[in-house]
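Remember, it's a predicted structure, so these values are computed and weren't measured experimentally. Whatever order the structure lists them in is the order used to number ligands and atoms, beginning at 1.
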Amino acid sequence: MSDGPLSVEALRGVGPALAAKLARLDITRVSDLLFHLPLRYQDRTRITPIAALQLGLEAVVEGEVRAADIVLGRRRSLVVRLQDHTGTVTLRFFYFNAAQKQALAAGTRVRCFGEARRGASGLELYHPEYRVVAAGAEPVASEARLTPIYPATEGISQMALRKLCAQAVAWLADHAPPELVPAALLPAPAVALADALRYLHQPPPDAPLAVLREGRHPCQLRLAFEELLAHNLSLHRLRSQIQASGAPPIPEDSAARQALAAQLPFALTAAQRRVGAEIAADLARPRPMLRLVQGDVGSGKTVVAALAALQVLRAGYQVAVMAPTEILAEQHLASFSLWLEPLGVRVGWLTGRQKGSARNALLAALASGELQLVVGTHALFQEAVEFAALGLAIIDEQHRFGVHQRLALREKGKGLTPHQLIMTATPIPRTLAMSAYADLDTSVIDELPPGRQPVATAAVDNQRRPQVVERIRAACLEGRQAYWVCTLIEESESLQAQAAEATCEALAESLPGLTVGLVHGRLSARDKAAVMARFKAGEIQLLVATTVIEVGVDVPNASLMVIENPERLGLAQLHQLRGRVGRGSAASHCLLLYQTPLSRLARQRLQVLRDSNDGFFIAEQDLLLRGPGEVLGTRQTGLMSLRVADLERHADLLPAVQDAAGALMTGDPRRVDALIRRWLPQGERYAGV
Ligand code: ADP
Ligand code: MG
């Protein structure tokens with residue numbers, strides 16, 4: 001075999017069909033298989049005494065069937081009581097046939113494998129794998145090693161993956177992959193790469209399963225470090241690729257800044273001025289700005305964005321403002337028009353719903369440069385949208401936009417890459433920001449405008465709904481306004497809309513004399529805008545809404561928010577929603593109307609919201625309780641799909657990862673390429689390498 005990249009087709013049993021399926025897992029080379037690491041392990045090497053079963057753990061147990069009965073509960077099931085010399089456990093089958101029931105008759109000796117869960121009768125194994133063993137057979141389990149469970153895809157069984165990886169591990173003996181990270185940069189103890197790979201594919205029977213489960217085995221740490229390093233390097237490379245192309249240098253413009261400030265009904269906070277200055281300096285460089293502005297809900301990011309926009313517009317370039325929802329896009333349209341039109345800027349807007357001549361006219365105005373600023377949704381990314389001279393893209397609420405879109409912007413600038421300003425209210429804990437956004441510079445608006453009062457938050461049992469309705473009546477009679485937010489697990493927007501409609505009707509009935517409005521994702525943009533405008537004008541007193549109002553909506557007179565079933569939402573999302581109130585000078589309240597019983601985790605999470613109004617603290621708690629994928633919404637972007645590393649468990653490695661990235665980028669660019677290729681074969685596609 002050669003030393004070059006060896007195709008998986010060289011392995012026994014791999015033809016073009018299987019190779020194509022493996023390619024879906026980004027496995028094309030034998031070496032890719034080596035880095036296709038098990039998600040977890042099963043211990044089938046020993047038989048666990050029934051009394052020693054632990055909740056949530058998988059185990060092999062063996063015993064004699066005492067009874068097998070069909071039970072008619074909420075679901076018909078076959079319930080088998082299995083006993084060994086230490087105790088009994090229930091095996092439960094929801095799908096079974098007569099032959100199965102017969103084979104599991106009382107007195108039969110059965111060996112089975114499954115995960116212990118909490119069931120009606122204590123610990124139970126649901127649908128365990130099982131086989132009948134001869135009475136009096138030696139009670140030994142058959143596997144000599146821990147069984148790896150690999151990430152799989154349709155059409156490839158675990159068994160097939162195990163065999164392929166075993167071949168790859170055998171191949172490894174003569175083809176150890178090169179050590180790309182100098183030992184001095186690795187965390188101690190520095191395990192050899194080949195040893196770590198072999199161990200994790202084929203851990204010995206006495207391997208510390210609990211440590212492996214936690215991801216803290218030295219072999220895992222060795223690989224996690226390298227993987228995080230590769231990700232960090234790929235983000236840095238992405239950044240340098242974007243910055244390799246030039247951007248229009250936009251001179252700072254203090255006259256414009258003062259003109260805008262003079263129009264505002266408030267003075268900018270020190271934090272807004274500081275971040276504004278950072279952006280202004282970035283824009284003046286002939287290299288695309290890549291800046292993330294983090295600021296808690298209500299910290300006043302929009303006006304900072306408007307300052308940046310004005311600098312660019314006055315230099316003769318166009319600006320695109322992208323928002324994740326139509327409601328938010330409309331709101332930005334209103335703010336930017338209010339602030340910039342008096343200064344002679346023409347503002348337009350574009351969403352996916354616009355069709356026909358209005359759309360064509362707008363596209364033509366953008367292409368000719370006649371229209372200077374456009375606000376819109378992701379429709380702005382579409383290929384048909386051409387700009388005469390796009391100088392700045394402002395992306396609000398970054399967590400909904402992926403790396404792909406960030407890259408797609410390169411194509412919009414015609415030779416020059418537009419500056420990029422990304423704003424998020426999802427505060428990103430520092431360790432995460434270092435790894436997930438290594439390609440962006442960050443600024444933080446760490447101050448709220450003066451006079452803001454924290455939103456007093458309480459959790460209320462749904463049984464006290466009538467009292468909650470009374471609170472709404474009282475608030476509205478005092479001239480205030482309120483939100484009622486409906487949440488549903490269903491993904492479907494039409495089901496969410498139906499539920500919101502029903503809630504709206506019920507509330508309108510119990511609150512005669514109040515005007516109740518409704519807004520959800522199924523309304524047309526125009527209807528949504530109309531409802532929001534009436535709410536903003538105070539004509540609607542209670543607004544029933546789905547989570548479409550999560551971001552950005554700004555109605556300072558609204559001082560009460562009820563969130564139904566808050567346990568269904570993430571903390572960051574709840575904090576966002578709650579940020580819709582507390583924007584004016586009145587004391588504001590948020591009532592979390594939960595269904596009992598609440599799980600312990602749900603209780604803890606709601607407690608975090610009651611205790612804190614600090615978005616950073618809440619995001620950190622969310623991270624602890626739920627994990628980074630949920631917090632960042634990176635699941636969709638794909639870039640952060642990690643194999644061994646886990647941003648939460650391995651956060652302690654990140655500072656050393658950063659140092660190592662710096663050392664490699666300056667000292668050894670060839671290794672940088674090799675590391676990225678090793679860990680992110682798909683990342684190369686994003687980066688267009
Ligand atoms: P977010 O950071 O959540 O996007 P917005 O930009 O929507 O916040 O601002 C929230 C509200 O605060 C708006 O009504 C805005 O006009 C107002 N605002 C922004 N900056 C200030 C300030 N320095 N002083 C007072 N109010 C401000
Ligand atoms: Mg905003």
Side-chain angles (χ1 to χ4, degrees), residues 257-258 260-277 279 291-310 321-340 342 375-377 394-401 421-428 442-455 481 483 532-533 535-538 547-559 561 572-586 588 590 613-616 618-619:
R257 199 158 51 225
Q258 278 158 19
L260 177 50
Q263 281 197 57
L264 297 172
F266 48 76
L268 295 177
T269 63
Q272 283 170 319
R273 283 201 306 273
R274 172 173 42 77
V275 173
I279 296 168
R291 186 168 288 279
L292 176 72
V293 171
Q294 299 181 51
D296 207 347
V297 189
S299 61
K301 295 182 287 296
T302 320
V303 69
V304 171
L307 281 167
L310 190 59
V321 181
M322 285 171 266
T325 66
E326 288 191 20
I327 289 189
L328 190 53
E330 277 158 41
Q331 182 144 333
H332 280 334
L333 179 72
S335 306
F336 280 85
S337 308
L338 177 73
W339 293 330
L340 298 180
V375 181
T377 56
I394 297 170
I395 301 169
D396 197 5
E397 307 301 346
Q398 133 84 19
H399 56 294
R400 310 249 173 124
F401 287 94
L421 177 63
I422 294 145
M423 302 191 292
T424 180
T426 306
I428 301 153
T442 51
S443 297
V444 185
I445 305 184
D446 50 5
E447 181 185 357
L448 292 179
R452 290 281 164 78
Q453 301 190 31
V455 180
Q481 289 165 281
Y483 293 97
M532 291 311 298
F535 188 58
K536 197 150 188 167
T547 51
V548 293
I549 57 145
E550 176 187 343
V551 287
V553 173
D554 186 32
V555 179
N557 189 48
S559 65
M561 172 174 281
Q573 205 182 356
L574 286 166
H575 180 63
Q576 284 282 327
L577 277 169
R578 177 173 66 175
R580 303 306 108 222
V581 293
R583 311 199 130 221
S585 47
S588 294
C590 177
N613 266 287
D614 174 347
F616 272 88
I618 290 169

With side chain to side chain contact (heavy atoms under 4.5 Å, CB included) as the test, would you mind laying out the steps for I394 and M423 before giving the verdict? CA-CA 8 Å; I394 297 170; M423 302 191 292; 3.8 Å; yes

When T302, L307, L310 are each screened for side-chain contact (heavy atoms from CB on, under 4.5 Å) with W339, the one that passes is T302

| request: Inspect the contact between K301 and D296 and indicate whether a charged nitrogen and a carboxylate oxygen are less than 4.0 angstrom apart. | output: no

Open item on the list: Looking only at the side chains, is there a donor atom on one of T442 and R291 sitting less than 3.5 Å from an acceptor on the other?
Closed with: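 Looking only at side-chain atoms, R291 and T442 do not form any donor-acceptor pair under 3.5 Å.
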
Looking only at the side chains, is there a donor atom on one of H575 and N613 sitting less than 3.5 Å from an acceptor on the other? no

What are the two closest non-hydrogen atoms of Q263 and L338, and how far apart are they?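 The pair with the smallest heavy-atom distance is OE1-O, 3.9 Å.
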
I need the minimum non-hydrogen distance between G300 and I445, along with the two atoms involved.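 So the two residues come closest at O-CD1, 4.2 Å.
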
Heavy-atom contacts with [X] under 4.0 Å: which atoms of ligand 1 show up? List them by number with element.
{"X": "T269", "result": "23 (N)"}
{"X": "T302", "result": "4 (O), 5 (P), 6 (O), 7 (O)"}
{"X": "A267", "result": "22 (C), 23 (N), 24 (N)"}

field: Residue portion contacting ligand 1 (non-hydrogen atoms closer than 4.0 Å) for Q272
entry: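 Side chain only.
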
Item checked: ligand 1 contact on L268 by region, counting heavy-atom pairs under 4.0 Å ->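 Answer for L268: backbone.
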
**Prompt:** When only distance counts, is G300 in polar contact with ligand 1, meaning an N/O pair under 3.5 Å?
**Reply:** yes

Query raised in the report: What do you reckon, does F266 have a nitrogen or oxygen under 3.5 Å from a nitrogen or oxygen of ligand 1?
Result: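 No; the residue has no nitrogen or oxygen that sits under 3.5 Å from a nitrogen or oxygen of the ligand.
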
Has G295 got any heavy atom lying under 4.0 angstrom from an atom of ligand 1?
no

Is ligand 1 less than 4.0 angstrom away from at least one heavy atom of G298?
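G298: in contact with ligand 1 (<4.0 Å).
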
